[in-house]
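Chain A is the first sequence line, chain B the second, and so forth, proteins listed ahead of strands; every chain is numbered from 1.
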There are 2 protein chains.
Amino acid sequence: MIISTKGRYALRIMLDLANHSGEKVKLKDIASRQEISEKYMEQIIAVLNKAGYVRSTRGARGGYQLVKAPKEYAVGMILRLTEGSLAPVECLSENALSCAREKKCAAVELYQRIYDAVNDVIDTTTLQDLLDIEQEKTKRE
Amino acid sequence: MIISTKGRYALRIMLDLANHSGEKVKLKDIASRQEISEKYMEQIIAVLNKAGYVRSTRGARGGYQLVKAPKEYAVGMILRLTEGSLAPVECLSENALSCAREKKCAAVELYQRIYDAVNDVIDTTTLQDLLDIEQEKTKRE
DNA sequence: TTAATTCCTATTGACTTACTAGGAAATAGA
DNA sequence: TCTATTTCCTAGTAAGTCAATAGGAATTAA
């Protein structure tokens with residue numbers, strides 16, 4: 001049960017953009033700050049862009065910026081977009097094909113509880129919350 | 001974020017054994033009831049056996065049985081044994097090597113919340129709970 | 001002695017992950 | 001208009017994981 005680099009990097013990209021609101025931020029700058037491969041980041045931010053979570057400006061002096069305020073982005077939106085469903089098992093995913101043992105399967109109840117618990121956390125935590133945590137952490141240093 | 005067949009099958013094996021408490025259950029019977037490859041199951045039950053969660057009897061008329069009562073097995077024990085840590089990210093696992101950005105990383109707080117939520121569910125649900133759910137489900141059919 | 005069963009180890013095909021690579025398209029500024 | 005800068009698009013790839021399959025050794029009841 002793992003959140004891959006795709007989702008984690010997406011979160012860090014969004015956080016980085018949130019930390020530079022108002023500016024057009026170049027991918028190169030995010031990459032150097034976050035120490036992530038620029039080329040790999042391109043692919044990840046492309047997804048965020050297509051979904052309308054960030055706005056891009058092409059060409060020289062171009063860059064990316066957030067479309068909405070940080071508190072408008074639940075981390076669940078970002079993780080689901082980049083990772084796909086965070087369901088612990090396939091059969092709970094949106095597009096799941098029905099399972100033959102569905103009717104008598106006891107375990108699916110357990111999986112649903114796990115799923116609910118995870119969804120609750122990621123849907124009630126926003127980018128702004130992470131910003132606050134970050135600030136708190138650097139203050140403490 | 002997925003619980004693989006290893007963990008899911010382990011759960012079903014344990015449930016199957018729980019449904020036949022007192023008997024020595026042959027792998028072949030579990031395999032046919034659960035429609036799981038017998039050879040694959042061997043590998044999974046071997047882990048459960050080594051951990052002492054089941055007791056095996058070798059040779060003709062041998063089989064497996066649970067060591068303790070179903071309510072003594074939290075599903076977390078079984079899943080962690082077969083899946084490894086259910087931490088959403090590597091850095092939260094037991095044996096994780098320390099991360100350079102640990103001190104300022106805001107996201108780790110999120111991951112910890114997810115981890116806590118998952119652990120809470122799997123540590124408070126036992127095999128007996130699943131048995132009860134199963135009974136409830138078949139009664140309703 | 002035989003049949004039935006668990007135990008042990010190796011191999012494999014398909015898939016996923018985390019990139020790398022190369023260049024096309026767009027745009028600001030000279 | 002030209003050039004440097006930046007995003008956009010697509011393809012490839014090495015390493016690792018998953019979900020088995022395979023074959024046979026060891027053990028035991030009858």
Side-chain angles (χ1 to χ4, degrees), chain A residues 1-13 16-17 20 23-32 34-67 79 82-86 88-90 93, chain B residues 1-13 16-17 20 23-32 34-67 79 82-86 88-90 93:
Chain A
M1 175 179 286
I2 272 178
I3 299 175
S4 74
T5 54
K6 231 169 177 178
R8 302 203 306 274
Y9 288 179
L11 234 38
R12 279 164 63 184
I13 290 169
D16 195 287
L17 290 179
H20 297 81
E23 309 169 38
K24 278 183 210 152
V25 186
K26 285 181 292 183
L27 210 49
K28 201 200 283 189
D29 290 347
I30 306 181
S32 78
Q34 300 292 332
E35 297 165 285
I36 299 175
S37 145
E38 196 182 337
K39 277 296 191 182
Y40 189 27
M41 266 194 18
E42 269 185 18
Q43 296 169 36
I44 295 167
I45 206 164
V47 177
L48 297 169
N49 195 13
K50 257 177 212 150
Y53 292 5
V54 303
R55 178 173 42 232
S56 71
T57 313
R58 299 185 66 172
R61 295 245 166 183
Y64 297 93
Q65 43 198 323
L66 289 190
V67 169
L79 289 179
T82 48
E83 294 280 329
S85 165
L86 294 197
V89 294
E90 188 55 35
S93 289
Chain B
M1 177 180 283
I2 273 179
I3 300 176
S4 72
T5 54
K6 231 170 178 178
R8 302 203 306 274
Y9 288 180
L11 234 39
R12 279 164 63 185
I13 291 169
D16 195 288
L17 290 179
H20 297 81
E23 308 169 37
K24 277 183 211 153
V25 186
K26 283 181 292 182
L27 211 47
K28 199 198 285 186
D29 290 346
I30 306 180
S32 77
Q34 300 292 330
E35 296 166 286
I36 300 174
S37 145
E38 194 181 337
K39 278 295 191 181
Y40 189 27
M41 265 193 19
E42 272 185 17
Q43 297 168 37
I44 295 166
I45 206 163
V47 177
L48 297 169
N49 195 12
K50 258 177 210 151
Y53 291 5
V54 304
R55 179 174 41 234
S56 71
T57 311
R58 299 185 67 173
R61 295 242 165 186
Y64 297 93
Q65 44 198 323
L66 289 190
V67 169
L79 289 179
T82 48
E83 293 281 330
S85 165
L86 294 197
V89 294
E90 187 56 35
S93 288

Undergrad: Whole-Å distance between D/dA19 C1' and B/Y9 OH?
TA: 8 Å
Undergrad: Heavy-atom contacts under 4.0 Å between residues 54-67 of chain A and DNA chain C, which residues?
TA: A/R58, A/G59, A/A60, A/R61
Undergrad: Between C/dT17 atom C1' and A/I36 atom CD1, what is the distance in whole Å?
TA: 15 Å
Undergrad: Rounded off to whole Å, could you give me the NZ-to-C1' distance for the A/K24 and D/dT5 pair?
TA: 13 Å
Undergrad: For the CG atom of A/L17 and the CZ atom of A/R55, what is their distance to the nearest 0.5 Å?
TA: 11.5 Å
Undergrad: Suppose we call a contact any N or O donor and acceptor under 3.5 Å apart; does that hold for the side chain of A/K39 and the base of C/dG23?
TA: yes
Undergrad: What residues form a side-chain contact (heavy atoms from CB on, under 4.5 Å) with A/K50, not counting sequence neighbours?
TA: none
Undergrad: Starting from C1' on C/dA4, measure out to CG on B/L27 and report it in whole angstrom.
TA: 13 Å
Undergrad: Could you go through A/T5 and A/Y40, starting from their C-alpha distance and side-chain angles, then the distance that decides it, and tell me whether this counts as side chain to side chain donor-acceptor pair (under 3.5 Å)?
TA: CA-CA 10 Å; A/T5 54; A/Y40 189 27; 3.0 Å; yes
Undergrad: A/K26 has an atom NZ; how far is it from atom P of C/dA26, in whole Å?
TA: 21 Å
Undergrad: Send over the distance from A/I2 CD1 to D/dG16 P, rounded to a whole Å.
TA: 15 Å
Undergrad: Nearest whole angstrom, please: distance from the P of D/dA19 to the CD1 of B/I3.
TA: 12 Å
Undergrad: What is the distance, rounded to the nearest whole Å, between atom CD of A/Q34 and atom P of C/dA18?
TA: 17 Å
Undergrad: Do side-chain atoms of A/E83 reach the backbone of A/G7 as a donor and acceptor pair under 3.5 angstrom?
TA: yes
Undergrad: Of all of residues 40-52 of chain B, which get a heavy atom below 4.0 angstrom from DNA chain D, listed by number?
TA: B/Y40, B/Q43
Undergrad: When rounded to the nearest 0.5 angstrom, what distance separates CZ in A/R12 from CD1 in A/I30?
TA: 11.5 Å
Undergrad: As an exercise, state the distance from CG of A/L48 to CE of A/M41, rounded to the nearest 0.5 Å.
TA: 10.0 Å
Undergrad: How many angstroms lie between CD1 in B/I45 and CD1 in B/I36, if you round to the nearest 0.5 Å?
TA: 10.0 Å
Undergrad: Look up atom CD in A/Q65 and atom OG in A/S56, then write down how far apart they are to the nearest 0.5 Å.
TA: 9.5 Å
